[in-house]
Amino acid sequence: QVQLVESGGGLVQAGVSLRLSCAASGLTFSSYTMGWFRQAPGKEREFVAAISGSGSGTYYADSVKGRFTISRDNAKNTMYLQMNSLKPEDTAVYYCAAKAAWVRYTWRNEYRYWGQGTQVTVSS
């Protein structure tokens, strides 16, 4: 079965960097659009970034544009989220997700597979 496993979260101070990873198994990884979403306490899960199967296409939420970078290594079946200049408002559980096509990639309900999430806490 399909498994997505996030790692790399933690407690950090504002201004530092973190890199999240999402290891995928049970699917033809390079055929899937991958996305990162996040959910803060009391808020809905929101889109962060997405990357096409080949890696040639990327898209970011305005709130992270210029600070976060999404990438993938199809040989390793792994996706990454490099997060720089972290802010307290970036505090959330971060989820990776997979969908079949490079369309509507900001839509949460379009993603078929989800990981369990990794907590990122940014202190001021």
Restricting to pairs with a member in residues 1-55, which pass disulfide (SG to SG under 2.5 Å), not counting sequence neighbours? Cys22-Cys96
Considering all heavy atoms, the nearest Lys99-Tyr105 contact: CD-CA, 4.1 Å
Taking distance alone, no hydrogens or angles, what donor-acceptor pairs closer than 3.5 Å link side-chain atoms of residues 116-124 to residues at least two apart or in another chain?
residue: Thr118; atom: OG1; partner: Gly9; partner atom: N; Å: 3.2
residue: Gln119; atom: NE2; partner: Ala92; partner atom: O; Å: 3.4
residue: Gln119; atom: NE2; partner: Thr121; partner atom: OG1; Å: 3.2
residue: Ser123; atom: OG; partner: Val12; partner atom: O; Å: 3.3

Evaluate side chain to side chain contact (heavy atoms under 4.5 Å, CB included) for Tyr95 paired with Gln39, printing each intermediate quantity in order. CA-CA 8 Å; Tyr95 298 89; Gln39 188 167 17; 4.1 Å; yes
For Lys65, what residues pass the salt bridge (charged side-chain N to carboxylate O under 4.0 Å, His left out) criterion, not counting sequence neighbours? Asp62
Measure from NZ or CZ of Arg108 to the centre of the six-membered ring of Phe37, then state whether that distance is under 6.0 Å and the direction lies within 45° of the axis. no
Specify the closest pair of heavy atoms between Tyr111 and Ala50, including all atoms of both residues, with the distance to one decimal. OH-CB, 3.7 Å
Can Val16 be reached from Phe68 by stepping across I, L, V, M, F, W or Y side chains whose heavy atoms are under 4.5 Å apart? yes
Tell me whether Tyr80 shares a hydrophobic cluster with Tyr113, the cluster being built from Ile, Leu, Val, Met, Phe, Trp, Tyr side chains joined at under 4.5 Å. no
For residues Val48 and Trp107: do they belong to one hydrophobic cluster (side chain heavy atoms under 4.5 Å, members Ile, Leu, Val, Met, Phe, Trp, Tyr)? no
When rounded to the nearest 0.5 angstrom, what distance separates CG in Leu20 from CD in Gln82? 9.0 Å
Shared hydrophobic cluster for Val64 and Leu18 (ILVMFWY, side-chain gaps under 4.5 Å): yes
Using the test salt bridge (charged side-chain N to carboxylate O under 4.0 Å, His left out), find all partners of Arg67 that sit at least two apart in sequence or belong to another chain. Asp90
Under a single-linkage definition using a 4.5 Å side-chain heavy-atom cutoff for Ile, Leu, Val, Met, Phe, Trp and Tyr, are Met79 and Trp114 assigned to the same hydrophobic cluster? no
Backbone N/O of Ser52 and side chain of Arg72: donor-acceptor pair under 3.5 Å: yes
Can you check whether Lys76's main-chain N or O pairs, donor with acceptor, with Thr78's side chain at less than 3.5 Å? yes
Would you check if the side chain of Tyr60 reaches a backbone N or O of Ile70 as a donor-acceptor pair within less than 3.5 Å? yes
Can you give each donor-acceptor pair under 3.5 Å made by side-chain atoms of residues 24-35, sequence neighbours left out, with the distance rounded to 0.1 Å?
residue: Thr33; atom: OG1; partner: Ala101; partner atom: O; Å: 3.3
residue: Thr33; atom: OG1; partner: Trp102; partner atom: N; Å: 3.4

How close do Asn84 and Ser17 get, counting heavy atoms only, and between which atoms? OD1-OG, 2.9 Å
Scan residues 13-28 for pairs that pass salt bridge (charged side-chain N to carboxylate O under 4.0 Å, His left out), counting only residues two or more places apart or in two chains. none
